[in-house]
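Have a look at the structure below, then the notes.
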Amino acid sequence: MSLFDDIALPPTAASAAGEALIEGLNPPQREAVLHHGSPLLIVAGAGSGKTRVLTHRIAYLLAERNVQTHQVLAITFTNKAAAEMRERVQALIGPRAKAMWVSTFHSACVRILRREAGSVGLKSGFSIYDAADSQRLMAMVVRELDLDPKRYPPRAFSTQVSNLKNELVDEETFAARSAEGDHTTRMLASAYSFYQRRLRQANALDFDDLIMTTVNILQAFPAVAEHYRRRFRHVLVDEYQDTNHAQYVLVRELTRGVPAVTTQSGMSAAVPAAELCVVGDADQSIYAFRGASIRNIVEFEQDYPDARTILLEQNYRSTQTILQAANAVIAGNSARTPKKLWTDSGAGPQIVGYVADSEHDEAAFVARQIGDLRRDHGVTPGDVAVFYRTNAMSRAVEEVFVRVGLPYKVVGGTRFYERREVKDALAYLRVIANPTDTVNLRRIINVPKRGIGERAEACIAQLAEREGIGFVQALAMPQDAPGIAARSVTAITAFTRLLEDLRTVYEGGSGVAGLLEAVLEQSGYLAQLRGSPDPQDETRLDNLSELLSVAREFDEAAVADGVSTSLDDFLERVSLVADADEIPDHADEADGADQGVITLMTLHTAKGLEFPVVFLVGLEEGTFPHQRALTGGDPKELEEERRLAYVGITRARQRLHISRAVVRAAWGQPQYFPESRFVAEVPSALIDWQRVEPSRYGGADRSGDRAGARSGGRYGDREPALATLAARPGSRSPGNRPVIALEPGDRVSHDAFGLGSVVRIEGSGDKAMAHVDFGGGQVKRLLLRYAPLEKL
DNA sequence: GCACGAGCCCTTTTT
DNA sequence: GGGCTCGTGC
């Protein structure tokens with residue numbers, strides 16, 4: 001029985017071949033594939049086959065609507081998703097899909113910028129700075145501006161600059177706008193413009209620049225814009241709910257039509273606006289923190305008045321139980337267009353719940369449960385995923401998995417390309433590709449140690465400033481640097497010589513791998529690691545050898561495709577891939593020996609994926625929803641947390657497990673956490689609790705226990721981990737208390753001062769402070785994080 | 001110039 | 001439990 005039974009005539013394709021391309025799709029899905037002309041918004045619930053629809057639509061355009069491959073631009077959220085989409089289209093219509101542009105926004109912009117960089121004075125071999133590089137550069141700028149990094153943290157500046165760029169606010173506009181602002185705003189403005197200047201000098205672009213600069217070029221150079229508007233007749237965007245303003249404008253610019261114009265060389269034909277098709281789910285918008293704007297999807301129909309909207313609500317992924325839980329949680333968000341996912345698959349097993357004493361106990365539960373599922377239901381490790389709110393939480397799970405011998409892979413976290421040794425090696429390559437890349441140059445100038453210290457570096461920087469030349473040029477004439485030691489001059493000469501030699505190696509046709517080998521060998525990097533007593537350096541060597549094989553693969557692929565290998569291409573690739581692009585393919589490995597590995601990742605990384613068995617750990621107030629969303633004072637943040645919960649729940653196909661730890665170590669110290677509100681929102685009939693919070697009363701009354709957890713651990717002595725903590729009531733080590741919510745007028749009790757009443761509260765979060773009147777004219781100011789206070 | 005240790009922030013989430 | 005900065009001693 002389906003909702004569509006009363007729809008008389010499902011859409012049909014024009015031809016038999018076309019009919020084959022929409023076979024097996026339900027009526028709204030077919031309609032989305034076949035839709036013609038006006039902009040199209042596909043509002044798709046979780047697991048409703050949106051990527052499938054997009055894939056089939058592209059195939060249909062190419063096979064049935066006479067669209068050329070080069071006329072299609074498809075934007076996905078990750079490179080991995082792009083690769084999959086290209087493969088699927090190929091499977092449907094053959095190899096000509098290969099030439100189609102399917103990529104992330106960032107990769108697409110790099111391709112455009114490579115061609116058009118000259119128009120904004122960039123050399124085409126520009127470096128791409130990731131978030132860490134940007135922060136490093138911002139730190140240099142803050143130092144240069146003589147600002148106190150404590151008052152003006154480069155991190156915060158970096159984020160704010162990123163936000164401005166996502167809003168397409170350039171540094172001049174911002175400087176003009178903030179001239180009247182407060183001191184911090186003006187400092188931010190100068191940091192922004194200095195930062196941009198330094199980026200340009202380094203011939204580098206940061207992640208946000210990739211989009212913003214592309215938009216700027218399209219808007220400033222009509223001929224360039226026209227080129228792409230004529231070219232792309234179909235623009236398709238997946239995960240539209242996670243696009244930011246700059247990306248929105250980029251899409252608008254690309255899809256605009258071209259009017260007919262008469263020029264000296266004749267008449268150019270008009271081109272109508274490109275067909276735009278976007279897919280998204282407002283309930284899965286989880287990237288507002290980096291500028292994603294839900295308005296892009298909610299107001300699509302206002303932005304494009306002739307737009308058509310198609311709703312996909314049937315879920316093909318999860319059981320009814322899982323969907324009910326997801327629907328219940330997301331319903332807690334106000335101001336959303338109600339959308340009810342439904343499925344005609346069965347109820348499936350109940351959600352399994354577990355309340356652990358500690359994060360170790362919780363991890364042990366996960367491991368036990370996986371063992372049971374393996375034994376009783378033939379579940380393989382590759383079927384299982386564990387999701388958590390923050391990267392740091394993977395550690396507890398990993399420890400247990402290592403101990404019991406479960407195979408796993410952590411996706412994200414300290415990413416491969418963010419490891420120190422990998423970044424160092426890549427910095428050498430970047431400097432060789434782009435000699436003006438100061439950030440990377442200064443990164444490796446003394447790595448491994450070669451006697452060019454801070455002092456020498458400062459002398460060179462001073463020389464550069466005095467002569468009005470770049471840092472690189474100054475480095476070529478160290479003897480002219482004011483006050484430099486003779487020893488340093490020798491060291492610097494040897495260093496520049498090294499770089500020249502390496503450049504020669506590459507120009508001699510070494511390929512990227514050959515160059516990388518030369519870098520590691522000749523710089524002494526390998527020698528240093530090999531000779532190190534630090535066991536960590538062992539894994540560093542492994543990582544470098546892994547990087548070397550990535551380079552080899554790249555060279556080989558270039559040879560196979562008959563393309564001339566380019567260092568720029570290699571660097572671009574490693575700059576833009578996330579570890580999310582290396583998620584193991586679990587589904588198709590189930591034949592015998594290779595049973596895949598358990599996937600560990602954050603909820604954010606989980607977007608767009610699905611697993612038969614999912615564990616959601618750390619469902620605690622303060623962990624998930626995250627403390628910052630609770631104390632930030634912005635209800636929007638809490639809504640985003642809820643959407644994140646919705647995303648997490650809907651990743652599961654068959655079995656969902658939710659768990660929490662009553663006590664979790666934060667900053668090395670144990671801290672109490674009450675149950676997450678998201679758990680309470682799931683109808684209790686859906687959950688099979690295997691263990692609930694232990695209480696001193698021995699009962700399973702969860703509401704009573706919650707109060708206990710909040711006010712400071714009255715726990716039974718059956719549970720060892722808790723007994724230890726409970727043994728010293730009121731004197732728990734400082735800094736690890738939950739910050740209790742207090743209001744003026746509340747009655748409180750203090751271990752030492754006795755009874756009192758709250759006069760006022762100042763600050764929030766970790767810095768929340770209460771003024772408490774304990775009588776006798778004694779008003780104490782107490783930091784809630786430290787004070788042994790209990791609300792009465 | 002560099003190695004080492006103490007003290008300091010930290011932690012959301014990522015293309 | 002970690003990564004970074006600063007001070008100290010060589």
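Note that the structure is predicted; figures quoted are calculated from it, not measured. Chain naming here is simple, since letters A, B, ... match the order of the sequence lines and numbering starts at 1 in each.
- By the salt bridge (charged side-chain N to carboxylate O under 4.0 Å, His left out) test, A/Glu116 is found to be paired with no residue, residues two or more places apart in sequence or in another chain being considered.
- Looking at residues two or more places apart in sequence or on another chain, you find a side-chain contact (heavy atoms from CB on, under 4.5 Å) between A/Asn446 and A/Lys449, A/Arg450, A/Ile452.
- Contact check, A/Thr605 against B/dT14: a side-chain N or O comes under 4.0 Å of OP1 or OP2.
- At a threshold of 4.0 angstrom between heavy atoms, the contacts of A/Glu637 include nucleobase atoms, whether or not backbone atoms are also involved.
- Nucleic acid contact for A/Glu399: sugar-phosphate only, since backbone atoms but no base atoms lie under 4.0 Å from a heavy atom of the residue.
- The side chain of A/Ser488 lies closest to B/dG1, out of B/dT11, B/dT15, B/dG1.
- Rounded to the nearest Å, the gap between the C1' atom of C/dC6 and that of B/dT11 is 23 Å.
- Base-pairing analysis of DNA chain B finds the following stems of at least three consecutive Watson-Crick or G-U pairs, with both pairing distances under 3.5 Å: B:1-9 with C:2-10.
- Contact annotation: A/Asn391 reaches the phosphate of B/dT14 (side-chain N/O to OP1 or OP2, under 4.0 Å).
- Both stacking criteria are satisfied for A/Phe289 over the base of B/dT13: a centre-to-centre distance under 5.5 angstrom and an angle between ring planes under 30 degrees.
- Residues passing the side chain to side chain donor-acceptor pair (under 3.5 Å) test with A/Gln247: none are found, sequence neighbours excluded.
- Of the C1' atoms belonging to B/dC9 and C/dG1, the separation is 13 Å, rounded to the nearest Å.
- Within the nucleic acid shown, A/Glu640 has no heavy atom closer than 4.0 Å to any nucleic acid atom.
- Neither OP1 nor OP2 of B/dC9 sits under 4.0 Å from any side-chain N or O of A/Arg155.
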Which atom pairs, one a donor and one an acceptor, fall under 3.5 Å between side chains of residues 105-113 of chain A and the rest of the protein, sequence neighbours left out?
from	atom 1	to	atom 2	distance (Å)
A/Ser107	OG	A/Asn79	OD1	3.4
A/Ser107	OG	A/Thr104	OG1	3.1

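- Close to B/dC2, at under 4.0 Å from its OP1 or OP2, lies a side-chain N or O of A/Asn446.
- Contacts of A/Phe77 with the nucleic acid, taken as non-hydrogen atoms under 4.0 Å apart, involve only primed sugar atoms and P, OP1 or OP2.
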Identify all pairs in which a protein N or O lies below 3.5 Å from an N or O of nucleotides 3-10 of chain C, and state each distance.
none

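- Phosphate contact (OP1/OP2 of B/dT15, side-chain N/O of A/Asn79, threshold under 4.0 Å): absent.
- For the pair A/Thr602 and B/dT14, the criterion of a side-chain N or O lying under 4.0 Å from OP1 or OP2 is met.
- Ion pairing between A/Arg660 and A/Glu362 fails under the 4.0 Å rule for side-chain N and carboxylate O.
- Contact annotation: the side chain of A/Leu205 never approaches that of A/Tyr129 to less than 4.5 Å [non-hydrogen atoms, C-beta and beyond].
- A/Asp130 comes within 4.0 angstrom of nothing in the nucleic acid, heavy atoms only.
- In the set B/dG1, C/dG2, B/dT15, C/dG2 carries the atom at the smallest distance from any side-chain atom of A/Arg395.
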